[in-house]
Every structure is written in C-alpha cells, then in structure tokens.
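Remember, it's 1-based here, ligands and their atoms both numbered in the order they're listed. Scope of the values below: all heavy atoms of this structure, side chains included, with no hydrogens, waters or symmetry mates.
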Amino acid sequence: KEHSTVSITVVGASGDLAKKKIFPALFALYYEGCLPEHFTIYGYARSKMTDAELRDMVSKTLTCRIDKRENCGEKMEEFLKRCFYHTGQYDSQEHFVALDKKLKEHEGGRLSNRLFYLSIPPNIFVDAVKCASSSASSSSGWTRVIVEKPFGRDSKTSAALTKSLKQYLEEDQIFRIDHYLGKELVENLSVLRFSNLIFEPLWSRQYIQNVQFIFSEDFGTEGRGGYFDHYGIIRDIMQNHLLQILALFAMETPVSLDAEDIRNEKVKVLRSMRPIQLEDVVIGQYKSTTKGGVTYPGYTDDKTVPKDSLTPTFAAAALFIDNARWDSVPFLMKAGKALHTRSAEIRVQFRHVPGNLYNRNSGGTNLDRTTNELVIRVQPDEGIYLKINNKVPGLGMRLDQSHLNLLYSARYSKEIPDAYERLLLDAIEGERRLFIRSDELDAAWALFTPLLKEIEEKKTIPEFYPHGSRGPVGAHYLAAKHNVQWGDLS
Ligand code: BG6
C-alpha cells in the first residue's frame, strides 16, 4: 500500500453535486483517516480556475458535520493542499492527456490507481468516459469510474448507454451510484432481517399484509426544473432509489455477503415483479399555494419548466412480486416533491392476529389499529420502531398501541456518515455491493418502461396538489383499493 497511490478526479467539479456532496464526503473520509496515504484529488471542469480558486470553492463547501470538531481547520488545510484543478473539455482527448501528465507527476512513479467521478450531464457521459479511459487511465493499477443517474430514460436508452460505456470499460470498472444504498438505515436493512431471528420467519406473505416505501420532500424542484422535467418523479426516485430498497427488502437470503451474491438475489426479485398497471398508479403535480400570506410556487412556475408540462412531481404505485414468498402482497410506493414534510421510510404492516382475543372482547372495533407495524426511518431522525399492542396500566383492561423505539440519536453517540462517504470509500476499496450491476439496471427499466411509455403516450393528466400538502387524494384510493392505509398518515 505504501507504494501505491489513488488519484480521484471529479469530472464536473464546479457542479452542485460536487460542491454539496463529493468534496465534503472526500474531506470527511480524509478526516476519518480512511483515504490512503498517497492520494490526490483533481477537480476537472470546463471553466477556467486555478488550484487556489478550486481550494477556495471547496473550502466553502466543507461545512460538513465534521467542521465542529477539534483540529478541523488544520485537517482542512492539509486536505485542500491535496486538491488541484484542471481545466478541460469533457470530450477532448488532448485535455485528458494533459490531465494524465499532471496525475503522473503527483503519482511520482508509484503504482497508480485512478478513480473518475462523473458528475456531469448524461449527454456527455460517454465522451468523457471515452477520453478518460483512453487518455488518462492508469497503466499500472486499477481505473474505476463512478457514474451518477440518470442511466438513460428507458430500457432502450439505458441499454445504449451501457453498450457505449462497455466499449471503453469492463463492467467491474463501472460503479453506478444509487446514493440511497449508501444510507445507514438502508444498509442496516439486511442486518435487521438476517441477523435477528424474530424478523426473518415473519418476512413473507404469511405475516406481512403490505409494505410501503415512502419518500417525500418539502421543497419543489427549485432551479432543477430543466433536468427534472425531462425525467419526472418516477424516473428520479421510484425506478432507482425506492426500487433498490424494495429489492433489498424482498430478496431471498443471499449465499454470502459478497457483492455478486447479493446482487444476484436483488436481480431475481426485480425480474419476478409483475408489470405495473396504469390503474395501479396515481400521478400528481404540485401547484402554487398561498399560506399565511406567503405564496409558494407551483411546478410550472419554475422558469425552466414548460408552462403546459404534465411531468409528475408525485407518484404512488402498487407493485407486486410474483414469487412464492410475496404472492399478492402489495408493495406500495409513494414519492413526491413539495409535500408537507421531508422524510424517507419503509413501513411493514403485519396481518391481523387471527382470532384476536382482545379485539373480539372489545367488540372488534378499529381492527387496523391493532396490527403490528415495523417502521424503518431512513431519514431524518434515523431509527426503527415497532408498533405493538399493549395494556394501558391500570385496573381496567384497555389496550393501546405503543412503540418499541430505537432512535439512533439516542442509542449511538456517533454521527451517521453521509451516504456519499460510504460509497466513495467502497469505490476506492473496490467493494461493489452497494453499486448497481447492469442486469439490475436492465430489470429496473424493464419494469418501469412500459408504464412510463403509457403515461406519456396517453398524456395522462396529473392530479394537482397544493405545494406543502400531503399530495393527491388519489393515493388514498389507490391504497384502499388494495386494502391498505398509508402508514405515514396514521
Ligand atoms: C436525487 C434526486 O437522486 O435524490 C433528487 O435526483 C432528490 O431529486 C435527491 O432531491 C434526494 O436525496 P436525499 O439524499 O437528499 O434524500
């Protein structure tokens, strides 16, 4: 290890993602001592900038959780000294050759490993990969490329992208990021299930009535309308983040914790999913609202969005996995922007206790409230809680529902790392477990492409909902149709 070096090039260094997530995550890894001894970080982008200007830009974004800690300033200085900048076009071999020269100088003849993080718009992915791989890949160690979604817009464009990337890279060099897989509670999902005897035996249609994957944001597209309008919430959140969580949730026990074993199981679940019916989907779009004298903009008030856009900013869907474990169990998804709150959670609603003695004695009222529910709160206030029925203390016999609550902030003093920290570290270490393999991607698109096509061809009108509300009422009818009540409303 002393003889090797890692060069990390952030392609698209002046973009939002680089500033908000990638550089702060790299700094956090440095602070924690997770980066190798010899490493260099290069920012690569089109705008002219000096190393000093890049450092200045990066230093402003290092407001990550660590900056409150001791000797943070010192560490930041050390880190910034390892950051450099290279101006270049994304499709210029010549500019990547010049980058290669600079990287070699830093590597000083050591075994070189190179990581490229492509934080650039999808239309220039392939050109950048071509140039990076042919002009700036390592000649002595590994070369890996992290790519961010969107990985195409549908099966066809995704397959074309994969094909183009594979002209220049092997599959094991491509690290497709889905940052939800790097979230602590998502990683913990398999631990919860496979290392606790009390859960795995219940993890099937026999005991689980439905599962819900809920994502909500309390802000709109805010300046990202141009990108968003081309994709919509189904492609932005459901086809990747929520579906990935679903696959991890529902997969069979993998042979081992090895990346290929886990991804083999995930892909099997995805391939067992029933085609999604349009009748099982509700789409919505937020509209302008005035509350307390303040006017909140609607989606089409965003200047980068066409006034007549039908792009959904909200969607709810019922999905089914046609295998022995999950036959007929509704897997509900709900994702929306400009809703009343920001949160992401998984809700597992269990079946009724058969012949429930207590419920029977109380006249069988309000059955729904007596079922158990396991809630995995991905964010914020990370935690896991289980709703159980309990006797209210006292001389009478009255039951209520209480929570067995594992709130991370109360249980663990350590702060939770950002998803990008874990994913970047994994990419450096060559751990592929949390990255998306091309067959998983194909299966995810195969599931959503026909639905998206139908929505777009039929020009389905979204149900308009006020900015800051709980979203379209249609979502409740959809749940009710499957005999389900959204857990986040109870
Ligand atoms: C991104 C989406 O993948 O995830 C954004 O493109 C969304 O639209 C974001 O805001 C949410 O991520 P997080 O980690 O803030 O929940």
Side-chain angles (χ1 to χ4, degrees), residues 12 15-22 24-25 28 61 63-65 117-122 125 146-153 158 175-189 213-246 283-286 299 302 304-305 309 311-315 333-346 376-383 408 415-424 434-436 441 444-445 448 452 467-468 471 488:
D16 235 30
L17 182 74
K19 284 196 266 190
K20 283 196 190 138
K21 294 289 184 185
I22 307 172
T61 70
T63 53
C64 57
R65 61 200 170 80
Y117 196 125
L118 296 194
S119 172
I120 49 176
F125 268 0
I146 299 182
V147 284
E148 274 279 346
K149 76 172 201 323
F151 310 121
R153 282 189 86 247
S158 167
F175 286 68
R176 294 180 195 83
I177 254 192
D178 183 311
H179 78 283
Y180 265 65
L181 292 184
K183 294 198 186 257
E184 187 64 45
L185 274 279
V186 176
E187 250 227 300
N188 186 59
L189 198 52
F213 302 88
I214 303 174
F215 165 97
S216 76
E217 277 181 342
D218 55 0
F219 47 88
T221 50
E222 272 142 48
R224 282 177 80 235
Y227 150 80
F228 191 86
D229 201 61
H230 194 51
Y231 293 94
I233 200 82
I234 298 179
R235 292 184 178 90
D236 192 45
I237 304 292
M238 277 192 175
Q239 181 268 355
N240 34 70
H241 303 327
L242 297 189
L243 188 62
Q244 282 296 320
I245 302 178
L246 180 150
I283 57 170
Q285 189 187 86
Y286 64 93
Y299 174 63
D302 186 325
T304 53
V305 171
S309 172
T311 302
T313 59
F314 173 100
M333 284 185 181
K334 186 163 74 166
K337 292 197 175 270
L339 294 173
H340 71 298
T341 185
R342 175 176 179 259
S343 80
E345 55 190 30
I346 307 166
I376 296 160
R377 223 179 140 82
V378 177
Q379 67 190 29
D381 306 328
E382 290 85 347
Y408 272 42
E415 281 176 81
I416 296 176
D418 187 79
Y420 281 89
E421 293 170 34
R422 183 186 321 277
L423 294 167
L424 273 159
L434 301 179
F435 294 89
I436 316 294
L441 182 62
W445 276 124
F448 277 98
L452 288 161
H467 190 133
D488 58 332

**Asked** With sequence neighbours excluded, what pairs up with Thr311 under the side chain to side chain donor-acceptor pair (under 3.5 Å) test?
**Response** Asp229, Ser309
**Request:** Could you list the residues that satisfy side chain to side chain donor-acceptor pair (under 3.5 Å) with His467, not counting sequence neighbours?
**Result:** none
**Asked** Any side-chain heavy atom of Phe213 within less than 4.5 Å of one from Met238?
**Response** no
**Main-chain N/O of Arg235 paired with Asn240 side-chain donor or acceptor, under 3.5 Å** = yes
**Asked** Looking at residues at least two apart in the chain, or sitting in another chain, which of them share a salt bridge (charged side-chain N to carboxylate O under 4.0 Å, His left out) with Glu184?
**Response** Arg422
**Message:** If we check side-chain contact (heavy atoms from CB on, under 4.5 Å) with Phe175, which of these qualifies: Val147, Ile146, Leu118?
**Reply:** Ile146
Quick one: table the atom pairs, ligand 1 N or O against protein N or O, below 3.5 Å, distance rounded to 0.1 Å.
| from | atom 1 | to | atom 2 | distance (Å) |
| --- | --- | --- | --- | --- |
| ligand 1 | 3 (O) | Lys149 | NZ | 2.6 |
| ligand 1 | 3 (O) | His241 | NE2 | 2.7 |
| ligand 1 | 6 (O) | Lys149 | NZ | 2.9 |
| ligand 1 | 6 (O) | Arg224 | NH2 | 3.0 |
| ligand 1 | 6 (O) | Asp236 | OD1 | 2.6 |
| ligand 1 | 6 (O) | Asp236 | OD2 | 3.4 |
| ligand 1 | 8 (O) | Arg224 | NH1 | 2.9 |
| ligand 1 | 8 (O) | Asp236 | OD2 | 2.6 |
| ligand 1 | 8 (O) | Lys337 | NZ | 2.8 |
| ligand 1 | 10 (O) | Glu217 | OE1 | 3.3 |
| ligand 1 | 10 (O) | Glu217 | OE2 | 2.6 |
| ligand 1 | 10 (O) | Lys337 | NZ | 3.4 |
| ligand 1 | 12 (O) | His179 | NE2 | 3.1 |
| ligand 1 | 14 (O) | His179 | NE2 | 2.7 |
| ligand 1 | 14 (O) | Lys183 | NZ | 2.6 |
| ligand 1 | 15 (O) | Arg342 | NH2 | 3.3 |
| ligand 1 | 16 (O) | Tyr180 | OH | 2.4 |
| ligand 1 | 16 (O) | Gln379 | NE2 | 2.7 |

